[in-house]
There are 2 protein chains.
Amino acid sequence: MLATAKIAKPKRYEEILVAAAECFQKQGFSATSIDTVARHLGATKGRIYHYFPSKVDLFNAVRDRAMELAFDGIREGYDAKLSPVERLHLMTLGHVKCMMLHHSYMQVLLDGLQMQRFGATTEFQREAMERHLHERNTFETWYREVIELGVAEGTMAVRSMSVTLQSFLVALNGPVFWYRPREGDGEEKLNAIAEEVVVFALKGLGIDAVPPISTISRGA
Amino acid sequence: MLATAKIAKPKRYEEILVAAAECFQKQGFSATSIDTVARHLGATKGRIYHYFPSKVDLFNAVRDRAMELAFDGIREGYDAKLSPVERLHLMTLGHVKCMMLHHSYMQVLLDGLQMQRFGATTEFQREAMERHLHERNTFETWYREVIELGVAEGTMAVRSMSVTLQSFLVALNGPVFWYRPREGDGEEKLNAIAEEVVVFALKGLGIDAVPPISTISRGA
DNA sequence: AGGCAAACATACTACTCGGTATGTTGTCAA
DNA sequence: TTGACAACATACCGAGTAGTATGTTTGCCT
C-alpha cells in the first residue's frame, strides 16, 4: 500500500495501459489480442512488448491499476473520523463513483476476479493471483470493520455478515454491469445516479434515513 | 414463451449442453474451444458439430436454456394471486435459488449479456442477440410491474425506479459471482443463504419485516 | 441378409495469435 | 563523425482453433 511510492510511469506506459483496459473491457481477456491493443493505439506489437513482457503481465498491470483506483475511491471515507454510518456513506459514494468514472478499469477488475477461469496458470501467474485475492480481501475487510462498528452501535442491522457483505458489495459494483458512460452526463447527473445506488445499498443494511453529506467536515 | 411447446431434446443434446455450460462458465466463450467441450465429454468435435452447426450456436443454445431456467425460477411468484410484497418475495427467492442451483448456466447467461463484447457479430448473431435483449427486458418488466404495484400500495419505497431496479437485480444475481457450490451444502443451507440475499434486496426496497412464506397458499 | 441413414471419429485446411528475432530510426554523448 | 542505446516496426515461427470433408460404426427396417 505504501511500498511502491508512486513511481511515475512513462507516458507511453500509461497510454498502453488505458488502451489495454478498454480492449479487455470490451472483449474480455482471451478475445483481446496484442495486435488488437496495438491497433487501438495506432501502433504495432513491438511497442507493447517493449513495455510489457507478456500479455498476462499487461493484464495484471491493468488489474493492479484498477485495484489502486478502487482503494482510492473508498480511502477517504474509511479514514474519516466520523460515525460508522457517515464513514460508510462516504465509502460507498466514492466506491460507486469510482465504478462509473473508471468504467473500463473496473470491469476488467471484476472480470479478473472471476479468473480462476484461467485454470492452469503458471506458478508466476498464480503468485499474482494470490496477491490480487489478498488485496480483494483487504478491501472487503475495510467494509466489514465499519459495518461491524455500526452493528455494535445499533445503527445497522445484519443477520449473516458474510452473505450480506457480498450482497452489499455486488450492489455497489453493479454500475459496472448496467451503467454505460454517456458523454452528455454531467457530474451532477452522475452524482444523482450514484446516490440512488448508495441509498439502495445502505437501506439493505437497515440504514433508513441517509443524512446529507454536504455538512460533513473532512476527517483525519 | 409458449411457442416452443417443450419439444424434448435428445439425451446427447442435453449432455453437450451441460458440458458446454460448464466449460463456458469456467473459461469464458473465447477461451473455450470446441475440442475443450468435446474432451470434457470424452468425445470429439464430430459429436458436437453433429448437433450444433457452430460454436456460436452452441453458446446461444446454452444461453437460451439459461434464460428458460431463470424464467422458471420466478414464474410461480409472478403468477401468484397474492399481495405485491408476497409475490416479490416468492419471485426473489426463486430467483436466487435458481442462481445457486444452476450456477454454470446462470454465469454464462450473465456473461452473455455483457457480450456486446462480440462487437463485430454476423447479422444472424445480431438477431439472436436482440432476441436475448428482448427476453431480458421482459424479465425486468415482470419485476418492475410488481414493484410498481407495491409502491402504489405504499408497501415499497423507490426513488428512481430504473437505478433501483438495476441495483435490485444485481443483488439478486450476486450469488453467481460470489457463491461457490459446495457438495456438502444441503437444501436447508442453500435456503438459508438465499433467504439472506432476499432479505437484503427487499430491505433495499424499503420492505423491512419479511413475512414467513411457509403459510402462503399457492396461487393461480 | 442386406441396405441405409443416423451418429459419430479422424484427417485436413486455412487462419489467428503469442512470442521472438531482427531490422530501422532517432537521439545524445564523447 | 561515430558509436551506442532506447524505442519502436517488421518478419517470422510454432501452437492452437473453427469448420469441413470424409471415413467408420451402429442400429433399424424390410
Side-chain angles (χ1 to χ4, degrees), chain A residues 7-24 26-63 108 112 115 117-126 128, chain B residues 7-24 26-63 108 112 115 117-126 128:
Chain A
I7 300 164
K9 304 288 183 178
K11 185 181 161 193
R12 291 296 202 188
Y13 182 95
E14 297 294 335
E15 285 176 11
I16 296 174
L17 216 56
V18 170
E22 288 170 0
C23 291
F24 285 141
K26 271 187 260 188
Q27 312 184 337
F29 177 80
S30 297
T32 301
S33 70
I34 298 288
D35 293 284
T36 301
V37 180
R39 271 197 305 273
H40 194 255
L41 274 169
T44 64
K45 296 157 78 135
R47 181 120 118 223
I48 293 173
Y49 277 104
H50 183 73
Y51 291 92
F52 297 90
S54 77
K55 183 183 174 182
V56 173
D57 286 277
L58 175 58
F59 183 83
N60 284 336
V62 172
R63 204 174 43 49
V108 174
M115 275 218 182
R117 298 182 164 201
F118 268 120
T121 49
T122 77
E123 282 309 310
F124 175 72
Q125 169 62 7
R126 188 165 298 280
Chain B
I7 300 163
K9 305 287 183 178
K11 185 180 163 192
R12 290 295 202 189
Y13 183 94
E14 297 294 335
E15 286 176 10
I16 296 174
L17 216 56
V18 170
E22 287 170 0
C23 291
F24 285 141
K26 271 188 260 189
Q27 311 183 333
F29 176 79
S30 299
T32 300
S33 70
I34 297 287
D35 292 286
T36 301
V37 179
R39 272 197 303 274
H40 193 255
L41 274 169
T44 65
K45 294 156 74 131
R47 181 121 117 222
I48 293 173
Y49 277 105
H50 182 73
Y51 290 92
F52 298 90
S54 78
K55 183 182 173 182
V56 174
D57 286 276
L58 175 58
F59 183 83
N60 284 336
V62 172
R63 205 175 42 49
V108 173
M115 275 217 182
R117 298 183 165 201
F118 268 120
T121 50
T122 77
E123 282 308 310
F124 175 73
Q125 169 63 9
R126 189 165 297 281

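In what follows, every chain begins at residue 1, and chains take the letters A, B, ... in the order their sequences are listed. These numbers were taken from a predicted model, which means no experiment stands behind them.
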Next on the checklist: Expected output is a numbered-order residue list: members of residues 40-48 of chain B with a heavy atom under 4.0 Å from any atom of DNA chain D. What is it?
Outcome noted: B:K45
Item to check | Per B:S33 side chain, nearest of listed nucleotides D:dT17, D:dA7, D:dG19 | outcome: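 Side chain of B:S33 sits closest to D:dT17.
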Checklist entry - Nearest of D:dA7, D:dA18, C:dG19 to any side-chain atom of B:K55? => result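 Among the listed nucleotides, the one closest to the side chain of B:K55 is D:dA18.
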Which part of the nucleic acid, if any, lies within reach of [X] when heavy atoms closer than 4.0 Å are counted: base, sugar-phosphate only, or nothing?
X	value
A:F52	nothing
B:Y49	base
B:T36	nothing

Next on the checklist: For a quick test of reading the model: is some side-chain N or O of B:R12 closer than 4.0 Å to OP1 or OP2 of C:dC8?
Outcome noted: yes
Checklist entry - Would one find a side-chain N or O of A:H50 under 4.0 angstrom from OP1 or OP2 of D:dC8? => result no
Can you check the [X] [atom1] to [N] [atom2] distance for me, whole Å?
X	N	atom1	atom2	value
B:D57	D:dT20	CG	P	11 Å
A:I34	C:dG19	CD1	P	7 Å
B:K11	C:dA7	NZ	C1'	14 Å
A:D35	C:dC15	CG	C1'	13 Å

Checklist entry - Looking only at heavy atoms, what is the nearest atom pair of B:A20 and B:V62, with distance? => result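 Scanning both residues, the minimum pair turns out to be CB-CG2, 3.9 Å.
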Checklist entry - Hey, which of these two, B:Y51 or A:S54, hits DNA chain C nearer its 5' end, going by closest nucleotide? => result B:Y51
Rounded distance (nearest 0.5 Å) linking atom [atom1] of [X] with atom [atom2] of [Y]:
X	Y	atom1	atom2	value
A:C23	A:F59	SG	CZ	12.5 Å
B:K55	B:Y49	NZ	OH	8.5 Å
A:R63	A:D57	CZ	CG	10.5 Å
B:Y51	B:L17	OH	CG	12.5 Å
A:I34	A:S54	CD1	OG	7.5 Å

Checklist entry - Is the closest side-chain heavy-atom distance between B:F29 and B:V56 below 4.5 Å? => result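 With C-beta onward as the side chain, the pair touches.
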